[in-house]
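Report on the structure given below.
Lettering follows sequence order; numbering is per chain, from 1.
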Amino acid sequence: MLDVRRFRTEPEAVRAGLVRRGEDPSTVDEVVALDAESRRVSAQRDAVRAEVRALSNEVGSLFREERNEEAAELQEQSRLLGAEEKGLDARVDELAAELRHRLLRIPNLPADDAPDGGGEADNVVVRVEQYDPDAYDEHQRVPHWDTAEQLGLLDVERAVKLSGSMFVMYRGAGAALVRALCQLAIDRNVDLYEEVRPPTLVRTDTMVATGHLPKFVDEAYHMERDDLWAVPTAEVPLTSLGRDEILDEAALPRRFVAHTSCFRREAGSAGKDTRGLLRVHEFDKVELLAYCMPEQAPDLHAEILARAEGTIRDLGLAYRILDLCAGDLGASAARTFDIEVYAPGADRWLEVSSVSWFSDYQARRANLRYRPAAGKGTEVLHTLNGSALAVPRVWAAIVECYRRPDGRIDVPELLRPYLRGLEVLG
RNA sequence: GGAGGGAUGGCAGAGCGGACGAAUGCGACGGUCUUGAAAACCGUUGGGCCCUCACGGGUCCCGUGGGUUCGAAUCCCACUCCCUCCGCCA
């Protein structure tokens, strides 16, 4: 959520930011008007209320002095004011709710240095690593869904029997590989990041804090009976972990790493990327997330990117880094770098991590604050996050890249300790 | 799931219709004293919103939402959460 104050103090900047995203900037005027009206009415309400309080105190002391008639007179006066106050109060609530409703649906402003552009095609390729299009042999040009089914590592057919399309089941060494990848990603980050295992069913507030609600209701699984939502990423519980808390400056930055299942309905993407592991409803992911002061954010953004990238690099996969343009940024993000791995079998670049800086957008929704060591009062934190490792696509890229001429899969060096020394899958 | 009890400031804990943003204790911070520290003493010590360059002022917040009242932490209703006991259970 953007700070309403920005709408009053720099409406042009807000408008410009929304335009860069391709959003309709007319909401800015609506918010400005609502905000002005809301403050006007609440000031009025406060004044009336102050008078009622003063009168009531007066009534109290008059009764104590047994000057009952005078008291009764003031009582009547206060009653009338009370009625007026009630009306104003209702109006204040109404305006506040309306304002919040608007603000919750307005996306974050892109960072100044995020590239311009309207969509995917305008994203800037920052660099490409470990990729040589001519280096792949025929045996690596087999899609993972074929290889993995043949080797018994993946059982999509039975997963569909259990849960429907876009659910998958890993089996044997394939299941072990999932576990190995998660543990690898956690182990590489616990030096600095606190390991957390959060709940994966969360309340509505928790989903609202990260920006997944109300805008993206259709993307989320909802348990109606208990009014709980299945998290689409550990970002959701980790962001709310500190909700409504005030941290000391000395405690910052706070860093967390969490492995969770992630659930996504993938509404609107029916028929797209449906083969194998390209897009699934439920998957494992290890997420990195940090709370920090604004001035710490650039360094942390670089740090999280470096860590996510390091794991992919050390797994020996080809990848590239994209700087997302304003028009392609997620609603809550101010700046995002995507990491995409190259899958030679599917012959596609697969997004495996989105490393985002959310400025104070999520923190304001979550009411995440800190107390500066110097000065007084509280400030809103900044949040950042990125996938340390998202299993299905990395799993797929490994199966394709490391496929040997005999159709079996070499286990990347890095993962062998996590697979009891296993060198070949299948 | 059944039966009871509870929710107040950083923590502990009073208050149960009138001057209560809230006693008291602890903690924290500042000061006096001290070579330094401790002890003692004095003082300060929540957050949101609005107005103000500022000083300051107004208002809201005693789990949440509603109600009664001139006036609610205090009374009423609903909800949520927590604790204890019983049942069930990985």
Discussion item. How would you summarise protein contacts on nucleotides 46-64 of chain B per nucleotide, using B for base, S for sugar-phosphate only and - for none, with heavy-atom distances below 4.0 Å?
Written reply: -SSSSS------BSS----
Discussion item. Let's test this: given Watson-Crick or G-U wobble pairing with both distances under 3.5 Å, identify the partner of B:C49.
Written reply: B:G58
Fill in: B:G46 and B:C42, which share atom name C1', separated by this distance in whole Å
23 Å
Worksheet item: Do A:F337 and A:H301 have ring centroids that are under 6.0 Å from one another?
Response: yes
Worksheet, complete the sentence: Sorted by chain and residue number, the salt bridge (charged side-chain N to carboxylate O under 4.0 Å, His left out) partners of A:D338 (sequence neighbours excluded) come out as none
Worksheet entry | Those residues that, when tested against A:R313, pass salt bridge (charged side-chain N to carboxylate O under 4.0 Å, His left out) (two or more places apart) | none
Discussion item. With the threshold set at under 4.0 Å for non-hydrogen atoms, list the residues of residues 200-207 of chain A touching RNA chain B in residue-number order.
Written reply: A:R203
Worksheet item: Who passes side chain to side chain donor-acceptor pair (under 3.5 Å) against A:T239, sequence neighbours left out?
Response: none
Worksheet item: Looking at residues at least two apart in the chain, or sitting in another chain, which of them share a ring pair (Phe, Tyr, Trp, His ring centres under 6.0 Å) with A:Y319?
Response: none
Discussion item. Pairing check on B:A72: which nucleotide meets the Watson-Crick or G-U wobble criteria with it, both distances under 3.5 Å?
Written reply: none
Discussion item. Using atom C1' in both nucleotides, what's the gap between B:G31 and B:G48 to the nearest angstrom?
Written reply: 32 Å
Fill in: B:G17 - base-pair partner by Watson-Crick or wobble geometry, distances under 3.5 Å
none
Practice prompt. Return each pair, listed once, that meets salt bridge (charged side-chain N to carboxylate O under 4.0 Å, His left out) where at least one residue sits in residues 156-181 of chain A; pairs must be two or more places apart or across chains.
Written response: A:D155-A:R158, A:D155-A:R171
Discussion item. Strictly distance-based, threshold 3.5 Å: is any side-chain N or O of A:R265 a donor or acceptor partner for the main-chain N or O of A:D218?
Written reply: yes
Worksheet item: Reading nucleotides 66-79 of chain B from the 5' end, what letters show protein touch, with B for base, S for backbone sugar-phosphate only, - for no heavy atom under 4.0 Å?
Response: --S-BS--------
Worksheet item: In the structure shown, which nucleotide is the Watson-Crick or G-U wobble counterpart of B:C33, with both distances under 3.5 Å?
Response: none
Response to the item:
Partner of B:G65 under the Watson-Crick or G-U wobble criteria, both distances under 3.5 Å, comes out as B:C77
Discussion item. Going by ring pair (Phe, Tyr, Trp, His ring centres under 6.0 Å), name the residues that satisfy it together with A:F256, two or more places apart in sequence or in a different chain.
Written reply: A:Y291
Discussion item. Any salt bridge linking A:K285 with A:E287? Criterion: basic side-chain nitrogen under 4.0 Å from a carboxylate oxygen.
Written reply: yes
Worksheet entry | Distance between C1' atoms of B:G17 and B:C76 (Å, rounded) | 13 Å
Discussion item. Please enumerate all residues that pass side chain to side chain donor-acceptor pair (under 3.5 Å) together with A:R5, with sequence neighbours excluded.
Written reply: A:D3
Worksheet item: Between B:U8 and B:U64, how far is it from one C1' atom to the other, in whole Å?
Response: 15 Å
Item to complete: Under the side chain to side chain donor-acceptor pair (under 3.5 Å) rule, collect the residues that match up with A:E194, sequence neighbours excluded.
Response: A:R254
Worksheet item: Which pairs count as ring-ring contact (aromatic ring centres under 6.0 Å, His included) when at least one residue sits in residues 166-200 of chain A, sequence neighbours excluded?
Response: A:F167-A:H281, A:Y170-A:W395
Worksheet item: Roughly how far apart, to the nearest Å, are B:A14 and B:A23 at atom C1'?
Response: 6 Å
Discussion item. Could you tell me how far B:A72 sits from B:C61 if I compare only their C1' atoms? Round to whole Å.
Written reply: 14 Å
Discussion item. Any strand counts, and the cut-off is 3.5 Å on both contacts for Watson-Crick or G-U wobble. Which nucleotide pairs with B:G10?
Written reply: B:C26
Discussion item. Distance check, C1' atoms only: B:A28 and B:C51, in whole angstrom units.
Written reply: 32 Å
Worksheet, complete the sentence: By the Watson-Crick or G-U definition, both distances under 3.5 Å, B:U84 is matched with B:A3
Item to complete: Could you measure between the two C1' atoms, the one in B:A90 and the one in B:U84, and give it in whole Å?
Response: 23 Å
